[in-house]
Amino acid sequence: MKNSTVIRVIVLGVVAIVSVIALQTYWVMKTWDVKEQEFHERAYIALRNVAHEFGKLNTLPQYDLIDRVSNNYYVVNVNQNINSSNLEYFLRRELEAVGLHECFQYAIHNCASNKMVSGNMVCAATTVDLVPVQAATEELPTSDKYIYYFGVRFPNRGDDILESMIPTLIFSGILILTLIFFSYSIFVILRQKRLSEMQKDFINNMTHEFKTPISTINISANVFLKDPTIANNDRLQRYANIINEQNQRLNNQVEKVLQLAKIEGDQFKLNREVLNINELVKSCLQGVRIKVEEKGGQLNSQLTASASIVSADRLHLNNVLHNLLDNAIKYTNTAPHILVSTQSTATHLTLTIRDNGIGIAKEHQDKIFQKFFRVPTGNRHDVKGFGLGLFYVNNICRAHGWQLQLESMEDEGTSVCIQMPLS
């Protein structure tokens, strides 16, 4: 993953997290305010009705003077003496009428002592029947505005609002857990990226360090092969050829790793040119045919595409062909029989390489183009490799915008098709 992509993911992730937290906080606070306002409106209506009931009892005018002293404490002016029994009955009935079933504490102002008396705690019932009255635990404050008034306090108002907001709070908790998981995912991505970069740097450094000894061994092997003394000694000649072949094999593997490093890095660019696929395939098959014939096999071609001009990178396309043909030669239990064919339509050319090899089981076909993946072969170790060939092929096809398809059956062979747009 590129640094710019990671930075964009982090920035967008942080913006998303901050935005969601801010939005959710706003809605929780907004919900609290709405619930609190709703509570206040219901309490105001109930207390106003209580004041009117006292007016009906004594036929005295009432002025609906209700003062909200604090969030949960109200004083109500009734302009007359108040009977505690009537007050408790009216409070129960009117609070339940507006849907407030919270416990409340009430008290009546005593003009002589200027104190609030009879501060009982009452839990409203769902009917007008009386319920046991609990002793008040807190003396209610007085007010300087009125003379004949009573006070009502709702000690559990905050708890009741929280209880009504339980669905909102549950959703907020789930959202917070989601954000924590998302944050942890970003942390894991950054850690994996750092490890991937360390691995990539190590592989790049290692392969570059290999280039110097490989070049030295190659020069030394060529000197041995050209020396007349070694040329006349079959045993030394055979060892010199082995050194040269294995060094070349090691060099090819290192080159493959370096090419993959370029593909995965920012410096990878295609040098496109107009190519004739039929001619390119013919040239490639000439060098491969000797390997096939050494194993007693056959390499055939059916280059029937009438239109075969495409835009491609010659070097990488050659590497793709050699990778696919090399796999077709290596992964077989019998003499390899390989068919390379081309077909064309009005807009596309299809290059197909078909072999009679060991095939690929269905459960491995979706992983075959992954980096470093090799099909399990049990105790067989005669076919060497890093699992980079098809990964390289897939990346080159993707860079060109080509479609890559693989069809394979175990013990029956494999067919690889590359569909390219015509130029």
Side-chain angles (χ1 to χ4, degrees), residues 1 192 196 199-200 203 252-253 256-257 259-264 268 270 277 281 284-285 288 291-292 295 297-302 305 310 312-313 316-345 348-421:
M1 187 181 295
Q192 292 297 324
S196 177
Q199 180 192 49
K200 188 183 298 183
I203 292 176
N252 292 338
Q253 297 292 355
K256 188 177 293 183
V257 173
Q259 289 171 355
L260 289 174
K262 290 182 179 179
I263 291 175
E264 293 179 321
F268 175 69
L270 292 175
I277 292 296
V281 170
C284 179
L285 295 183
V288 178
K291 294 182 180 180
V292 177
K295 287 196 168 187
Q298 293 182 355
L299 177 60
N300 300 315
S301 61
Q302 294 179 357
V310 300
D313 186 301
H316 289 295
L317 180 54
N318 258 313
N319 290 338
V320 166
L321 290 171
H322 278 95
N323 270 299
L324 294 176
L325 291 170
D326 188 51
N327 285 344
I329 296 171
K330 290 192 300 184
Y331 295 101
T332 179
N333 292 327
T334 60
H337 287 76
I338 304 171
L339 175 64
V340 182
S341 61
T342 59
Q343 295 177 336
S344 62
T345 63
H348 288 81
L349 179 142
T350 301
L351 171 65
T352 305
I353 298 177
R354 184 178 291 107
D355 62 58
N356 65 332
I358 59 177
I360 303 169
K362 287 187 177 180
E363 60 266 26
H364 302 308
Q365 291 183 15
D366 58 338
K367 304 175 184 177
I368 198 66
F369 295 110
Q370 294 180 6
K371 189 176 182 180
F372 301 126
F373 178 81
R374 299 193 69 205
V375 176
T377 56
N379 293 325
R380 280 191 56 186
H381 301 285
D382 54 328
V383 179
K384 306 297 182 181
F386 293 149
L388 297 174
L390 290 179
F391 175 76
Y392 172 80
V393 170
N394 184 48
N395 277 273
I396 293 300
C397 290
R398 183 179 301 174
H400 281 85
W402 299 338
Q403 292 185 5
L404 178 64
Q405 295 180 342
L406 182 142
E407 296 180 1
S408 184
M409 293 187 65
E410 206 166 1
D411 299 324
E412 293 189 14
T414 301
S415 177
V416 179
C417 297
I418 303 175
Q419 190 176 73
M420 318 172 186

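Note that this is a predicted model, so its numbers are computed, not measured.
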Please determine whether the number of non-hydrogen atoms from other residues, nucleotides or ligands lying under 6.0 Å from atom CD of Gln419 exceeds 12.
yes
Return the CG to CG distance between Leu390 and Asn395, rounded to the nearest 0.5 Å.
11.0 Å
For Ser341, all residues meeting side chain to side chain contact (heavy atoms under 4.5 Å, CB included), sequence neighbours excluded:
Gln302, Thr352
State the CD1-CG distance between Ile277 and Leu321, to the nearest 0.5 angstrom.
7.5 Å
Which residues pass the side chain to side chain contact (heavy atoms under 4.5 Å, CB included) test with Lys291, sequence neighbours left out?
Ile329
Looking at Ala335 and Asn356, what are the two nearest heavy atoms and their distance?
O-ND2, 3.3 Å
Contact check, side chains of Val320 and Trp402, non-hydrogen atoms, under 4.5 Å
no
Minimum side-chain heavy-atom gap Val416-Val393 below 4.5 Å
no
Take His400 and Ile418, measure what side-chain contact (heavy atoms from CB on, under 4.5 Å) needs, and give me the verdict at the end.
CA-CA 11 Å; His400 281 85; Ile418 303 175; over 6 Å; no
Tell me every residue that passes side chain to side chain donor-acceptor pair (under 3.5 Å) with Asn323, counting only those two or more places apart in sequence or in another chain.
Lys256
Please round to the nearest 0.5 Å and tell me the distance separating atom OH of Tyr331 and atom CG of Asp355.
11.5 Å
Residue pairs fulfilling side chain to side chain donor-acceptor pair (under 3.5 Å) with at least one residue in residues 405-415, sequence neighbours excluded:
Ser408-Thr414
Listed partners of Asn394 passing side chain to side chain contact (heavy atoms under 4.5 Å, CB included), at least two apart:
Phe369, Arg398, Leu404
What I'd like to find out is whether the side chain of Ile353 reaches to under 4.5 Å of the side chain of Asn327, using heavy atoms alone.
no
Taking the side chain as every heavy atom from C-beta outward, state whether Val340 and Leu325 have any pair of such atoms under 4.5 Å apart.
yes
I'd like to check the side chain to side chain contact (heavy atoms under 4.5 Å, CB included) partners of Asn300; sequence neighbours left out, ordered by chain and number.
Gln298, Leu339
Over all heavy atoms of both residues, which pair between Tyr392 and His316 is shortest? Give the atoms and the distance, please.
OH-ND1, 2.7 Å
What distance separates Ile360 CD1 from Ile368 CD1, expressed to the nearest 0.5 Å?
4.0 Å
Interatomic distance, CE@Met420 vs CD@Gln403, rounded to 0.5 Å, equals 12.0 Å
Within this structure, what is the CZ-SG distance for the pair Arg354 and Cys417, rounded to the nearest 0.5 Å?
6.5 Å
Only counting residues at least two apart or in another chain, list the ones meeting ring pair (Phe, Tyr, Trp, His ring centres under 6.0 Å) with His337.
none
